[in-house]
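Data first, discussion second: the structure below is written as structure tokens.
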Amino acid sequence: MRKKLFVKTYGCQMNVYDSERMSEMLAAVGYEATPTADDADLVVLNTCHIREKAAEKVYSEVGRLRALKARRPDMLIAVAGCVAQAEAGEVVRRAPAVDIVVGPQAYHRLPEMLARAERARGGGIIDVDFRPEAKFDELPAPGRPAGPSAFLTIQEGCDKFCTFCVVPYTRGAEYSRPAAAVVAEAKELVRRGAREIVLLGQNVNAWRGEGADGRDWTLARLIRALAEIEGVERLRYTTSHPRDMTEDLIEAHGSVPALMPFLHLPVQAGSDRVLERMNRKHRASDYRRIVDRLRAARPDIALASDFIVGFPGESERDFEQTLGLVRDVGYAQAYSFKFSARPGTPAAADPLQVPEAARGERLARLQELLNGQQQAFNRGCVGKRLPVLFERPGKRDGQLVGRSPYMQAVHAEAGAAGIGDLAEVEILAAGPNSLSGGSLAI
Ligand code: SAH
Ligand code: SF4
Ligand code: F3S
């Protein structure tokens, strides 16, 4: 009999990709997906350690699962992802119901760990080994149908050591997958139904690799090779660092039609003093110049970003510089966070912590500005015709939901169109988070 698997994913798109790969791998050893933990034989929590709130969720989730496990002692609980990597020992100590702790670079060994856990029953088996190349080599080829938009991890890890960030510790050193492996996986995704490929990496634009011609390829060169694959209609990449926004990558935005005119380029802060303390290794003016060059290469490009407010030492004046940068650049979308002191990072030990009240107040001001920009951007799309890649059924009968080139969700009456179709939609209305279009005739 097939066993049942429930995977819950927290955090970034790389975890979404990893969860898909874990599910595929576990399908090969007899596990089929179930939509809830209630009847699962194995629950995998694929966790995120980026902010305190994200990390603490794991412990409350394991608390809930413990009740289930009391009724069904054969159920196994695995904690995967960045919390597993960062605090494996603490997971086992604080959550003794957990059978397996597996880091983001070790999950290809889950089947053997499961076999061991079934024999051992209790005790917590830990594997947090760091060898990304082994992981990608040993994972089976993707097997299940892909959606119209598919994630493809091409780079993992980070050598940048921003002073607030846990990623260099949870994901290890920067590693790029070889170009040939990326191209082969992209072809496989297209064969299984993908029309859009989203290249993923913690520092995706730091990707480097040996290309088919024996030369050292950059991300821009890789994008050109992927755009040539028959059936690849759209390409995106995320998340980028301003330091690795090279001339050829900027130029690719102007010359590769499949590369979508939307870029998530985190800046974190608009004050040079704060950027320096964050160890971002660029100034606000460098970022502004990159934005200008991107807009010169691709005038309709829309930008997204990440911001941290209340970083240690941030004054009211520093914060106003962030607001000023946001006003000048103009974003289609953005994520903003209060600084969260993470154990082991330099910023956590900084004596100049900003009081919680000021962090909250600054976040509210920044979000008001960003939300206004997002709404204005969405409203600006009304009356335009935008190409939409349909990804899923809508709430109402006959409705489909897809994405515009700018990542906005677009709801439309499907007509003859189906999931996986790319169609022009006339935008009739804009909400804060999505657009609605007219009916489609294709
Ligand atoms: N690799 C990406 C971001 C990874 S984390 C990059 O370099 O841009 C995603 C976002 O979480 C970051 O961009 C940052 O805005 C936020 N973040 C990371 N650490 C944080 C912390 N300690 N407190 C608050 N926000 C944080
Ligand atoms: Fe974290 Fe900075 Fe690396 Fe991004 S570049 S993952 S924020 S250390
Ligand atoms: Fe979170 Fe790890 Fe991604 S800490 S943001 S899941 S790389």
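Please read these numbers as outputs of a predicted model, since none were measured by experiment. Order of appearance sets the numbers: ligands from 1, and atoms from 1 within every ligand. Hydrogens, waters and symmetry mates are skipped; everything else that's a heavy atom, side chains included, is used.
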Would you call [X]-[Y] a salt bridge at under 4.0 Å N-O?
{"X": "R289", "Y": "D292", "answer": "no"}
{"X": "R224", "Y": "E251", "answer": "yes"}
{"X": "D300", "Y": "R298", "answer": "yes"}

Test your reading of the model: is there a side-chain donor-acceptor pair from D286 to the backbone of R283, 3.5 Å cut-off?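 Present.
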So, the side chain of S305 versus the backbone of L265: is there a donor-acceptor pair under 3.5 Å, distance only?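 Confirmed, S305 side chain pairs with L265 backbone.
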Which word best sums up how the rings of Y331 and Y287 line up, parallel for under 30°, tilted for 30 to 60°, or perpendicular for over 60°?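 Rings of Y331 and Y287: tilted, 30 to 60°.
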Specify whether F136 and Y17 have parallel, tilted or perpendicular ring planes, treating 30° as the upper limit for parallel and 60° as the lower limit for perpendicular.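 Answer is tilted, since the angle falls between 30° and 60°.
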Euclidean distance, W217 CH2 relative to W207 CH2, rounded to 0.5 Å: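 Going from the CH2 atom of W207 to the CH2 atom of W217 covers 7.0 Å.
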Rounded to the nearest 0.5 Å, how far does CD1 of I50 lie from CZ of F164?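 If we round to the nearest 0.5 Å, F164:CZ and I50:CD1 are 7.5 Å apart.
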Who passes side-chain contact (heavy atoms from CB on, under 4.5 Å) against R51, sequence neighbours left out?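 R51 satisfies side-chain contact (heavy atoms from CB on, under 4.5 Å) with F337, S340 only.
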With 2.8 Å as the limit, count the protein N, O or S atoms near atom 2 (Fe) of ligand 3.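 My tally for this metal is 1.
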For ligand 1, what are the residues with a heavy-atom contact below 4.0 Å?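 Around ligand 1, where the cutoff is 4.0 Å for heavy atoms, the contacting residues are I50, R51, F164, Q202, T239, P266, Q268, R280, D306, I308, F337, K338, F339, S340, R342.
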For the residue pair C48 and V83, what are the closest heavy atoms and their distance?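 Scanning both residues, the minimum pair turns out to be O-CG2, 3.3 Å.
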What pair of heavy atoms forms the shortest contact from E61 to R64, and how long is it?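 That closest heavy-atom pairing would be OE1-NH2, 2.7 Å.
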What protein N/O/S atoms are there under 2.8 Å from atom 2 (Fe) of ligand 2, waters excluded?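 Protein N/O/S atoms under 2.8 Å of atom 2 (Fe) of ligand 2: C162 SG.
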Can K160 and D244 be said to form a salt bridge (charged side-chain N to carboxylate O under 4.0 Å, His left out), step by step? CA-CA 11 Å; K160 299 237 169 15; D244 296 312; 2.7 Å; yes
